Colleague: 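Before I ask anything, here is the structure I am working with.
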Amino acid sequence: MNWRETPATLSRARAEQPLVFKGPKGALHGIFTPPAPDASPASACVVFPGRPRAALHRLPVLAARILAAEGFAALRFDLRGRGESAGEVEMPSRQEPRGEDVVAAIRYLREAHGQKQFLLAGYCFDAVTALDAFRDEADAIAGIFFATAGVLQEKPGGSPADGLARSAALRLRSIVRRARAPKILESFEISFRALARSHARALFLYAEQDRLRAEFRVAEEVLFSKLESEARGRLEIEIWPGRIHTIEGEPAVIERAISWLREFHPARSRSRARREPRQPIARES
């Protein structure tokens with residue numbers, strides 16, 4: 001993908017609006033990109049939480065403008081304590097994903113900009129933050145792109161202990177910790193079950209050689225394997241070769257997010273329906 005600004009994305013850049021809205025612990029700052037007026041309306045707003053302006057080559061910025069040029073609205077905003085957003089610096093963690101900030105963004109966009117349907121996209125910790133919004137706003141979220149994030153309370157495996165640098169007690173604790181059965185994060189499991197109960201679609205993206213792939217295998221065994229067929233059809237998994245949880249891998253992740261989010265455009269859905277062969281109608285004899 002060409003990650004340079006085009007006339008279409010520059011037009012969306014000139015139309016962007018700075019936003020300040022109330023968060024659970026202070027004002028949250030973001031940038032709203034309205035859909036192009038000459039594009040077929042997508043009737044959905046894409047939300048990028050977290051660190052969109054600090055990311056590699058401002059890729060989420062360009063992603064928002066690319067999607068807006070095709071008819072989507074888009075919001076990229078800083079979580080509390082990041083960028084211009086108020087509050088103490090509270091980095092999302094495995095135990096505290098900070099999804100309430102995404103909920104605040106959704107509710108503001110609904111009230112101030114008339115948005116009714118939302119799509120979420122997150123990478124690493126921001127993916128967990130986005131998923132956490134399903135606890136309170138599952139009915140308003142049509143889809144979530146969830147890329148390469150941790151899902152366990154205890155990281156499986158780990159680097160071998162350095163016998164020269166670590167005491168016998170530390171090595172023993174490390175062995176015991178690795179021997180425990182891995183446990184899914186409560187915050188992830190609650191949000192995942194809310195997603196499964198909803199009507200939203202999801203794409204979970206990982207790569208075989210990334211450390212976090214091992215964690216996601218546990219989620220596949222513990223959570224995905226127990227889904228009913230309807231939910232399993234909505235929640236997709238893609239496993240790529242190599243690694244994507246790297247600076248070099250981020251452009252491909254963002255590109256995949258754009259291509260997947262495009263599928264929610266009504267024009268795409270109608271085109272796909274026309275291409276699919278119709279099943280013959282059974283007639284009673």
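Predicted, not measured: the structure shown is a model, and the values here were computed from it. Count residues from 1 along the sequence.
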Colleague: Same cluster for Ile190 and Val102 if Ile/Leu/Val/Met/Phe/Trp/Tyr side chains link at under 4.5 Å?
Modeller: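 Shared cluster, no.
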
Colleague: With Tyr108, which of Phe32, Phe21, Phe77 fulfils ring pair (Phe, Tyr, Trp, His ring centres under 6.0 Å)?
Modeller: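 The single option meeting the ring pair (Phe, Tyr, Trp, His ring centres under 6.0 Å) with Tyr108 is Phe21.
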
Colleague: What I'd like to find out is whether the side chain of Leu67 reaches to under 4.5 Å of the side chain of Phe48, using heavy atoms alone.
Modeller: yes

Colleague: Let me confirm one number: the CG-SG distance from Leu120 to Cys45, rounded to the nearest 0.5 Å.
Modeller: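 It is 9.5 Å, given to the nearest 0.5 Å.
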
Colleague: Tyr206 side chain to Ile244 main-chain N or O, any donor-acceptor pair under 3.5 Å?
Modeller: no

Colleague: Does some side-chain heavy atom of Asp136 sit less than 4.5 Å from a side-chain heavy atom of Arg107?
Modeller: yes

Colleague: Decide yes or no for Asp101 and Pro24: does some side-chain heavy atom of the first lie under 4.5 Å from some side-chain heavy atom of the second?
Modeller: yes

Colleague: Return the CD to CD1 distance between Glu221 and Ile184, rounded to the nearest 0.5 Å.
Modeller: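 Rounded to the nearest 0.5 Å, the CD-CD1 separation comes out at 9.0 Å.
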
Colleague: Students often mix this up, so state it plainly: with edges at 30° and 60°, are the rings of Phe72 and His265 parallel, tilted or perpendicular?
Modeller: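 Phe72 vs His265 ring planes: perpendicular.
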
Colleague: Distance check, rounded to the nearest 0.5 Å: Glu220 atom CD versus Ile239 atom CD1?
Modeller: 5.5 Å

Colleague: Which atom names give the shortest non-hydrogen contact between Ala68 and Pro34, and what distance separates them?
Modeller: CB-O, 3.6 Å

Colleague: Flag the pair Thr33 / Arg76 as yes when at least one side-chain heavy-atom distance between them is below 4.5 Å, and no otherwise.
Modeller: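 Sidechains of Arg76 and Thr33: in contact.
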
Colleague: Would you mind telling me which of Phe216, Phe224, Phe134, Phe146 makes a ring pair (Phe, Tyr, Trp, His ring centres under 6.0 Å) with Phe192?
Modeller: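 That would be Phe224.
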
Colleague: So, does Ser11 use its side chain to make a donor-acceptor pair with the main chain of Pro7 at under 3.5 Å?
Modeller: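 No, the answer is negative, given that no donor and acceptor are paired below the 3.5 Å cut-off.
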
Colleague: Flag the pair Glu208 and Arg217 as a salt bridge only when some basic side-chain nitrogen lies within less than 4.0 angstrom of an acidic carboxylate oxygen.
Modeller: yes

Colleague: Side chains of Leu205 and Trp260: closer than 4.5 Å at any heavy-atom pair?
Modeller: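 Side chain of Leu205 against side chain of Trp260, heavy atoms only: no contact under 4.5 Å found.
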
Colleague: For the hydrophobic clusters of this structure (ILVMFWY residues joined by side-chain heavy atoms under 4.5 Å, transitively), does one cluster hold both Leu223 and Leu235?
Modeller: yes

Colleague: Kindly determine whether Glu137 and Arg110 satisfy salt bridge (Lys or Arg N to Asp or Glu O under 4.0 Å), including the steps that lead there.
Modeller: CA-CA 11 Å; Glu137 284 289 349; Arg110 182 186 296 128; 2.7 Å; yes

Colleague: Below 4.5 Å, heavy atoms only, C-beta onward: do Val222 and Glu189 meet side chain to side chain?
Modeller: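 The answer is no; the side chains never approach within 4.5 Å.
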
Colleague: Consider side-chain contact (heavy atoms from CB on, under 4.5 Å). Of Glu215, Arg213, Gln209, which one does Arg211 pass it with?
Modeller: Glu215

Colleague: Checking the side chain of Arg234 only, and the main-chain atoms of Ala196 only, is there a donor and an acceptor separated by less than 3.5 Å?
Modeller: yes

Colleague: At what distance, to the nearest 0.5 angstrom, does CG of Leu195 lie from CD1 of Ile141?
Modeller: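 Output value for this atom pair is 8.5 Å.
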
Colleague: Checking the side chain of Arg201 only, and the main-chain atoms of Ile144 only, is there a donor and an acceptor separated by less than 3.5 Å?
Modeller: no

Colleague: To the nearest 0.5 Å, what is the distance between CG on Leu28 and CD on Glu100?
Modeller: 10.0 Å

Colleague: Same cluster for Val128 and Val103 if Ile/Leu/Val/Met/Phe/Trp/Tyr side chains link at under 4.5 Å?
Modeller: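 Cluster IDs for Val128 and Val103 differ.
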
Colleague: Which heavy-atom pair separates Ser191 from Arg135 by the least distance, and what is that distance?
Modeller: OG-NE, 3.6 Å

Colleague: Any chance you could measure Phe204, atom CZ, to Glu236, atom CD, to the nearest 0.5 Å?
Modeller: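 That separation rounds to 10.5 Å.
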
Colleague: Indicate, with yes or no, if the rings of Phe145 and Phe264 have centres closer together than 6.0 Å.
Modeller: no

Colleague: Give the minimum heavy-atom separation between Asp132 and Gly99, together with the two atoms involved.
Modeller: OD2-N, 3.0 Å

Colleague: Write down the atom of Leu59, the atom of Pro251, and the distance for their closest heavy-atom approach.
Modeller: CD1-CA, 3.6 Å

Colleague: Determine the minimum heavy-atom distance between Ala121 and Pro49, stating which atoms define it.
Modeller: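 Closest approach of Ala121 to Pro49: O-CD, 3.4 Å.
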
Colleague: Between Arg65 and Glu16, is any pair of side-chain heavy atoms under 4.5 Å apart?
Modeller: yes

Colleague: I need the minimum non-hydrogen distance between Ala105 and Leu75, along with the two atoms involved.
Modeller: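 Closest approach of Ala105 to Leu75, heavy atoms only: CB-CD2, 3.8 Å.
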
Colleague: Honestly curious: do Leu10 and Ile31 fall in one hydrophobic cluster under the side-chain, below-4.5 Å linking rule?
Modeller: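 No, Leu10 does not connect to Ile31 through the hydrophobic network.
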
Colleague: Please indicate whether Glu230 has more than 12 foreign heavy atoms, meaning atoms of other residues, nucleotides or ligands, lying under 6.0 Å from its CD.
Modeller: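 Count over threshold, so yes.
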
Colleague: Is there side-chain contact between His245 and Val253, with heavy atoms separated by less than 4.5 Å?
Modeller: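 Not touching, per the 4.5 Å side-chain cut-off.
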
Colleague: Heavy-atom count check: over 12 atoms from other residues, nucleotides or ligands less than 6.0 Å from Glu186 CD?
Modeller: no

Colleague: Indicate whether any N or O donor in one side chain lies under 3.5 Å from an N or O acceptor in the other, for Ser229 and Arg232.
Modeller: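 No.
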
